[in-house]
Amino acid sequence: MAEKLLEVKNLKSVYKTRFNEKITAVDDVSFDLEDGKCLGIAGESGCGKSTLAMSVMGYYYPPLFYESGIVNISGIDITKIPYNQLRKEILGKEIAYIPQAAMNALNPTQRIINLIEDVMEEHISGITKKEIRKIAEDRFETLNLPKDVLQRYPIELSGGMKQRTVIAISTILNPKILIADEPTSALDVTSQKIVIKLLKDLIKRGFIKAMVFITHELPLLYNIADDIMVMYAGEIVESGEAEEVIFDPIHPYSNGLMNSIIVPEKGIKGKKLTVIPGAPPNLKYKLEGCRFFDRCLFAKDECKISEINMKYVNNRSYRCVLQVDELKEMYEDGKKPATT
Amino acid sequence: MARNQLLLSGKDVTKIFSNKKKKTIAVDHVNFEFESGEIISIVGESGSGKTTLAKMILGLLNPSSGEIIFRGRPIELKTREKRIEYWRNVQPIFQDPFSSFNIFKKVDNVLLDCIKLLNITLKKDEKYKKIEEACNFVNLRFGEIYNKYPFELSGGQMQRLMIARVLLIRPRLVIADEPTSMIDACSRASILDALMKLRDEIGTTVVFITHDIGLAYYVSDKIFVMKEGRFVEEGFPDDVILNPTEEYTKHLISDVPKIESRWAL
Ligand SMILES: Nc1ncnc2c1ncn2[C@@H]1O[C@H](COP(=O)(O)OP(=O)(O)OP(=O)(O)O)[C@@H](O)[C@H]1O
Ligand SMILES: Nc1ncnc2c1ncn2[C@@H]1O[C@H](COP(=O)(O)OP(=O)(O)OP(=O)(O)O)[C@@H](O)[C@H]1O
Ligand SMILES: [Mg+2]
Ligand SMILES: [Mg+2]
């Protein structure tokens, strides 16, 4: 088995709002990331994808708080070390993060090269501007990014170019793991493909070893991820190999998601799309039983009262009281969950 | 509403943005004819001019040259009355639903205002009945929105609410500029569903702007492909998407992630 670069166990993170509410946005999440892999995280808006990413990075700034669980990066549980050590030894070097909408958050008054200087000077003491420039130019060249971008300001770059630049900057220290949160959602398809190619190139060239890719675009995820994890209302409801989760989902929610995929392929036109009515539960309440309960066509009384644990079948896992066979049978009967 | 009648047309519609430094031809002599009761998709890369064209159709920008004709007459929005009249017939659904709602107003009141716009007198419970119908139509439960402010709703709920709003107004033309880009696959399905219902049950014409070719292929009756301010290819979805003739269209389609086969990366 390949080396585990990242190990997350029973992680729980909460937002504490000024109304004294506690929103559990990441609830008992566990997963591993192995060397060479790209793990995709899917799920609808507000299910906790970005919060999970921030938690794994140890970015606990109010109102976000760590509650419990373990995040092992290269053998160190980062939830147990002081923030200074995390910042100096782990962030940027072992693990790097491209936040959602990062490309629109670049400091507009600094040239790209200055942004790179900031990153490198913080981590490599005594490094000179000249050395930084050389490293930056080499990296841009290897990644097919025009070198003159280094001297430009963020507003002088197109969306796609900005996003590629952000990726190049955040991986300049060769972190083992890269977490990319919706890096292509604001881009058109052509720029999107170029960005994805760049990310894959980073792994191929060994600049990074593994990646977590967050998006709600399932066809996109299928094209880049080895494994897919589906989140719903702060929990993981299914995970497995990309191929299996996309073509043969187990959980009723994943099944609904996969049935709403739209691609420009023959046979799609005229296909009835699955619409899951209603909305996910509010995470500020203490939730009991299955969180998908009131949107699920197969819900029974026990779903609401019993605690639903993950079930493991071969290399896959899912969170539902029903057995795989029972679910499969219902999907085959055409009794798709919550069809309109 | 009557179907398959010419509703909106454009003749050599052009928009040039210029400042001291440079001149951008955002929309370059485009011609089009949209009929009533059809969904027309406009697809193209970022910066190809889609939003600029949409704003001209909505009367939010004036063309630099050319003419947009709505129901036989060039659009003319000089007076307040003319504008109100036009916007009763032509309604937008924008990309960012939050910027389209007054944050200080409860959303059910926004829907009540739409009914006022119709100049009909209804009792209170009749009004709420209409609102509830509109909500059901877009898969929103009335309870999800009642007594709520915009920021208490999710992006997907807001986007569906915008469609509910349009439903109450029953315009002849809806311009939807990337209405689904912020939301996940499931809520997206319910929005597409709602747009198709608008067309099928009310006979509204929907101009659907997107860079997602899969969605365009799925919902539309006709597709226009825009590149650098011009329409480079147009026609029925099965022709344009499954058998494109232009290199640019082929290129766009090949960049869309698919599930039949994976990208070689
Ligand atoms: N600063 C905050 N204060 C309180 N609650 C928050 C805050 N940020 C996020 N939340 C809540 O936490 C939950 C998870 O949000 P998160 O941003 O992680 O979702 P997401 O899956 O990344 O969604 P999206 O696809 O829209 O990016 C949501 O219910 C959200 O309302
Ligand atoms: N107010 C403006 N002033 C100057 N240039 C503008 C203005 N609005 C748009 N442009 C330019 O016009 C061109 C077309 O822009 P437009 O927003 O219509 O593209 P789009 O197809 O909607 O792109 P996207 O897919 O990114 O939304 C771009 O080059 C843009 O930079
Ligand atoms: Mg997010
Ligand atoms: Mg636009």
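Surrounding NZ of K130(B) are at most 12 heavy atoms belonging to other residues, nucleotides or ligands under 6.0 Å away.
Note that R262(B) lies in the cation-pi zone of Y222(A), set by a 6.0 Å cut-off to the ring centre and a 45° limit from the axis. A cation-pi arrangement is not found for K22(A) relative to Y15(A), the charged atom failing to lie both closer than 6.0 Å to the ring centre and inside a 45° cone about the ring normal. Relative to the ring axis of F137(B), K197(B) places its NZ or CZ within 45° and under 6.0 Å from the centre.
Contacts between K200(A) and chain B at a heavy-atom distance below 4.5 Å involve the side chain alone, from C-beta outward. Using a 4.5 Å cut-off between heavy atoms, S48(B) makes no contact with chain A at all. In this structure, the portion of L242(B) lying under 4.5 Å from any heavy atom of chain A is its side chain and not its backbone. Looking at I224(A), only its side chain comes within 4.5 Å of chain B, counting heavy atoms on both sides. Only the side chain of L192(B) comes within less than 4.5 Å of a heavy atom in chain A; its backbone stays farther off. Residue contact with chain B, scored on non-hydrogen atoms closer than 4.5 Å, involves the side chain of Q192(A) exclusively. Both the backbone and the side chain of I259(B) come within less than 4.5 Å of a heavy atom in chain A. For T210(B), no part lies near chain A; criterion is any non-hydrogen pair under 4.5 Å. At a 4.5 Å heavy-atom cutoff, L221(A) makes no contact with chain B through either its backbone or its side chain.
Applying the ring pair (Phe, Tyr, Trp, His ring centres under 6.0 Å) rule to pairs touching residues 229-259 of chain B yields F224(B)-F231(B), sequence neighbours excluded.
Between R291(A) and P280(A), the closest side-chain pair of non-hydrogen atoms is not below 4.5 Å.
Per-residue counts of heavy-atom pairs under 4.5 Å with chain B were compared for I261(A), L187(A), V189(A); the largest is that of V189(A). By number of non-hydrogen pairs under 4.5 angstrom with chain A, the leading residue of I213(B), L215(B), I253(B), D255(B) is D255(B). If you tally non-hydrogen atom pairs under 4.5 Å between each of K271(A), K197(A), K269(A), K204(A) and chain B, the highest count goes to K269(A).
Salt-bridge check for E246(B) with K250(B): failed, with every basic side-chain N at 4.0 Å or more from each acidic carboxylate O. Between K272(A) and D193(B) a salt bridge is recorded (basic side-chain N to carboxylate O distance below 4.0 Å).
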